[in-house]
2 protein chains.
Amino acid sequence: MSDAPKPKRGRPSTLDIDKTLDVAMGAYWQNDPVDVSLNAICDLASVSKPALYRIFGGEDGLMRAVLDRYAEQVLSDIFKILARDAPVNETLAALIHFASQEPKMATGCVFYKMRAGKHRLGPKTRERVAEIDTAAVQAFEAYLVARSDDGDWDGDQSPAMVARYLVEQIGLALTQRAAGEDPAGIRDTLALALSVIQRP
Amino acid sequence: MSDAPKPKRGRPSTLDIDKTLDVAMGAYWQNDPVDVSLNAICDLASVSKPALYRIFGGEDGLMRAVLDRYAEQVLSDIFKILARDAPVNETLAALIHFASQEPKMATGCVFYKMRAGKHRLGPKTRERVAEIDTAAVQAFEAYLVARSDDGDWDGDQSPAMVARYLVEQIGLALTQRAAGEDPAGIRDTLALALSVIQRP
DNA sequence: GATTTAACGTACCGTCTGGTACGAATACTT
DNA sequence: AAGTATTCGTACCAGACGGTACGTTAAATC
């Protein structure tokens, strides 16, 4: 995974990759990724543009690296909720809380922000976005199928469709948070949207 | 409304305002408004930038003018559906069809596109977006209250909240259309979302 | 200490953006 | 015909963007 063979000669690198990625992730998270320029990130991280270029190969590479890190550090929370394999009502409640109340999602979600403006992304980043998107749908679908086997969910609709529905509704809620809307209102709206899945 | 007093002297204007607005609307509709530059519109409409500036005062003024025109010519369709005061199921079906199947919405909706990137709009355009947004919610709310009085809808939830919900779900569907997703899938998803409002 | 290797960052590149200065063109009024 | 009013569009402005050429600096090796 790591492609840093650490050369045995030459001037030692002073660029802190982790710090740079954290700064970039913060900037992409706080604002819209497409509105954050490479120059701005260089200033924030106190890194020169060529240095950033040597490591990430350009804006596309940086965004992709940030997205990878974000998936590990943040999106994993969602996958963990599904992996608990808890009853549907409980899982939905956890998802609603995560999307509408969780403080760290107060400015929305880097993944959904990137997905919303995917036509402006570079090829590598766009590819990662697509991968994460399908991975998320598959995780939701797997969860639903598992609960269906346990008899907890009586799939009137196809699991694939409901999985897609969940991904989109959570994305809508997180987009609304990014827009600064009232969390309580977002929670109620998302709860209404997800109520179609509850047991009768 | 019209502030074109037509001066009695001076070189006559050759700029066709209607054609210019149509070209700009088409460009904003086909692509994302924030991705369409003034230069591109000038080329498409065969209008010089200063000419465009004299009439609309800049990008913000042009966008606002386009949005006004779009509201009159396109968004009015939605208001008409509500004004029919038809039963809830019938109205929802019409809205679902409009958002997911209507050919002219195949590339999404100028209003929702602008709303999604409102932080990038000029003040005049942003103000209009906000006005249309509240007007839409109010129209949906008024429709729901009217149907509630007729006993056609048993408001378990507040009309205001359901109105907001409808506006957001339709926006989600139109955003998905702009992203080029499958209309049939969008229809099913939107139908699922709106099923929470149907009579039991 | 000389040489090699590699990261450093200043200062630049071309391109695009929204916006404008200004002289030429074209009408009506006198 | 002279003067005035208004629109015309070329050619420019400053600024931001992503990206890079290249001389400098700092380590390991000889």
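Letters A, B, ... are given to chains in the order of the sequence lines, protein chains preceding strands, and every chain is numbered from 1.
Atom P of nucleotide C:dG18 and atom CZ of B:Arg120 are separated by 13 Å, given to the nearest angstrom. Distance, B:Leu15 CG to C:dT26 C1': 16 Å, rounded to whole Å. Rounded to whole Å, the distance from CD1 on A:Ile55 to C1' on C:dA6 is 12 Å. If you measure from atom CG of B:Leu52 to atom C1' of C:dT17, you get 15 Å, rounded to the nearest angstrom. If you take CG of B:Asp16 and P of D:dC8, they are 11 Å apart, rounded to a whole angstrom.
Salt bridge absent: A:Glu72 and A:Arg69 never bring a charged side-chain N and a carboxylate O closer than 4.0 Å. Ionic pairing of B:Lys104 and B:Asp77 is present here: one or more N-O contacts between side-chain nitrogen and carboxylate oxygen are shorter than 4.0 angstrom.
Judged by distance alone, with hydrogens and angles left aside, the side-chain atoms of B:Trp29 form no donor-acceptor pair with the main-chain N or O of B:Thr107 at under 3.5 Å.
OP1 and OP2 of C:dA6 both lie 4.0 Å or more from every side-chain N or O belonging to A:Ser13. For D:dC8, one of the phosphate oxygens OP1 or OP2 lies less than 4.0 angstrom from a side-chain nitrogen or oxygen of B:Thr14.
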Given A:Gln169 and B:Gln169, is the side chain to side chain donor-acceptor pair (under 3.5 Å) satisfied, shown in steps? CA-CA 9 Å; A:Gln169 293 298 332; B:Gln169 293 299 331; 2.9 Å; yes
Going 5' to 3' through nucleotides 17-30 of chain D and flagging B where a protein heavy-atom sits under 4.0 Å of the base, S where only the sugar-phosphate is that close, and - otherwise, we get SBBBB---BBBSS-
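Shown here for A:Lys113 and A:Tyr28, the closest heavy-atom pair between the two residues is CD-O, 3.9 Å.
Residues A:Arg64 and A:Arg126 are not in side-chain contact: their nearest non-hydrogen atoms beyond the backbone lie 4.5 Å or more apart.
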